[in-house]
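Below you'll find the structure, written out as structure tokens, and then a few comments.
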Amino acid sequence: MIVLGIDLCTSEGSISLIKNGELLGISLWNQPKKHSEKIFVEVRKLLEQTEIKKEDISLVVVSSGPGAFTGVRLSVTVGKSLKVLGLKVKAVSTLQLIGLQHLKANLPVISLLPGRRNRYYTLVRKSPLDSSSAMDLTEEEFFSKVEDYSRYIVVYKGNISDSIKENFKTIYETTPLSLIAALIPFEFPQLLKPLHFYYVRDHDAKPSCKKL
């Protein structure tokens, strides 16, 4: 099975191609304002480099938020475009991708992604398939909610405050999220969802746009 993973929800855009659990190729760029310009160019280049045809792709997995306002929409829109071209497309929450490698090592994790207005998208889990709900918290609310979780590791993308770094063991998620996404069908297929926007805050989207 060949899986194409796509993440445009954070400043680091990336795509990854996996065959039967093994990495065939990867492309990443830290140019958030150019995600829309680069995505299809990079997909074409990656397919050419790996000598994979579009028809060979068994599944596309896109990160579907939360994340950057424009990036979330673009990530899901790209998935929708590939679906129109005849590819099978699934989605996975960005927060479920962050810290997943540590959860596999049986380490409880708080996945953290900075949002707008000095708030944090937060997901507390003890295992990869933990069904906990994501939260949208101010820094003050974060400390109030997770004060009993000192044994957890905070795994994050983007910039977080020095206060959080000083009070928790923190690890920056260096693995491209598209690579983690592309491995989901092989490791945790239960996390795959129908293609849709994953919002934590209701006002991040119009009601009519929550699902495609």
Using side-chain heavy atoms (C-beta onward) and a distance below 4.5 Å, is [X] in contact with [Y]?
X      : Y      : value
Ile184 : Leu100 : yes
Ser163 : Phe143 : yes
Trp29  : Lys34  : no
Val78  : Ser81  : no
Leu191 : Leu129 : yes
Ile18  : Leu24  : no
Val155 : Leu112 : no
Val60  : Ile6   : yes

Donor-acceptor contact below 3.5 Å, side chain [X] vs main chain [Y]:
X      : Y      : value
Thr94  : Ser63  : no
His35  : Thr10  : yes
Ser132 : Val124 : yes
Asn167 : Ile164 : no
Arg125 : Asp130 : no
Gln31  : Lys33  : no
Ser16  : Leu179 : yes
Glu173 : Ile98  : no
Ser11  : Pro32  : no
Ser75  : Gly71  : no

Gap between atom [atom2] of [Y] and atom [atom1] of [X] - 0.5 Å precision:
X      : Y      : atom1 : atom2 : result
Ser58  : Leu87  : OG    : CG    : 9.5 Å
Leu107 : Lys169 : CG    : NZ    : 7.5 Å
Ile39  : Ile15  : CD1   : CD1   : 5.5 Å
Thr50  : Leu17  : OG1   : CG    : 5.0 Å
Glu51  : Asp56  : CD    : CG    : 11.0 Å
Tyr120 : Thr138 : OH    : OG1   : 10.0 Å

Report the C-alpha distance between Leu95 and Leu113 in whole Å, list the side-chain angles of each, state the deciding distance to 0.1 Å, and finish with yes or no for side-chain contact (heavy atoms from CB on, under 4.5 Å). CA-CA 7 Å; Leu95 283 174; Leu113 187 65; 4.1 Å; yes
Are Val41 and Ile52 joined in one hydrophobic group, where the rule is that I, L, V, M, F, W and Y side chains link up if heavy atoms are under 4.5 Å apart? no
Given side-chain contact (heavy atoms from CB on, under 4.5 Å), test Lys80 with Leu195 step by step and report yes or no. CA-CA 8 Å; Lys80 184 180 180 182; Leu195 183 60; 4.1 Å; yes
Go through the steps to decide whether Val154 and Ile171 satisfy the test side-chain contact (heavy atoms from CB on, under 4.5 Å), and finish with yes or no. CA-CA 6 Å; Val154 173; Ile171 299 175; over 6 Å; no
Pick one: which of Lys38, Glu42, Lys45 meets side chain to side chain donor-acceptor pair (under 3.5 Å) with Ser27? Glu42
Short N-O contact, Glu141 and Lys145, less than 4.0 angstrom: no
If you compare all heavy atoms of [X] against all heavy atoms of [Y], which two are closest, and at what distance to 0.1 Å?
X      : Y      : answer
Thr77  : Arg73  : OG1-O, 2.6 Å
Pro185 : Ala182 : CD-O, 3.3 Å
Ser64  : Val72  : O-CG1, 3.6 Å
Tyr121 : Gly67  : CE1-N, 4.1 Å
Phe142 : Leu137 : CA-CD1, 3.8 Å

Counting heavy atoms not belonging to [X], are there more than 12 under 6.0 Å from its [atom1]?
X      : atom1 : result
Asn20  : CG    : yes
Gln190 : CD    : yes
Glu55  : CD    : yes

Before giving the answer on salt bridge (Lys or Arg N to Asp or Glu O under 4.0 Å), spell out for Lys157 and Glu12 the whole-Å C-alpha distance, their side-chain angles and the decisive distance to 0.1 Å. CA-CA 9 Å; Lys157 273 284 193 184; Glu12 181 191 80; 3.3 Å; yes
Report yes if the distance between the aromatic ring centroids of Phe168 and Tyr152 is under 6.0 Å, otherwise no. no
So Val62 and Leu82, side-chain contact (heavy atoms from CB on, under 4.5 Å) or not? Walk me through it. CA-CA 11 Å; Val62 301; Leu82 294 174; 5.8 Å; no
Pairs in or reaching into residues 180-193: which pass salt bridge (charged side-chain N to carboxylate O under 4.0 Å, His left out), with residues at least two apart or in two chains? Lys104-Glu187
Test: Arg44 cationic atom under 6.0 Å from Phe40 six-membered ring centre, within 45° of axis: no
Looking only at side-chain N and O atoms, does Ser178 offer a donor or acceptor that is under 3.5 Å from a partner on Asp7? no
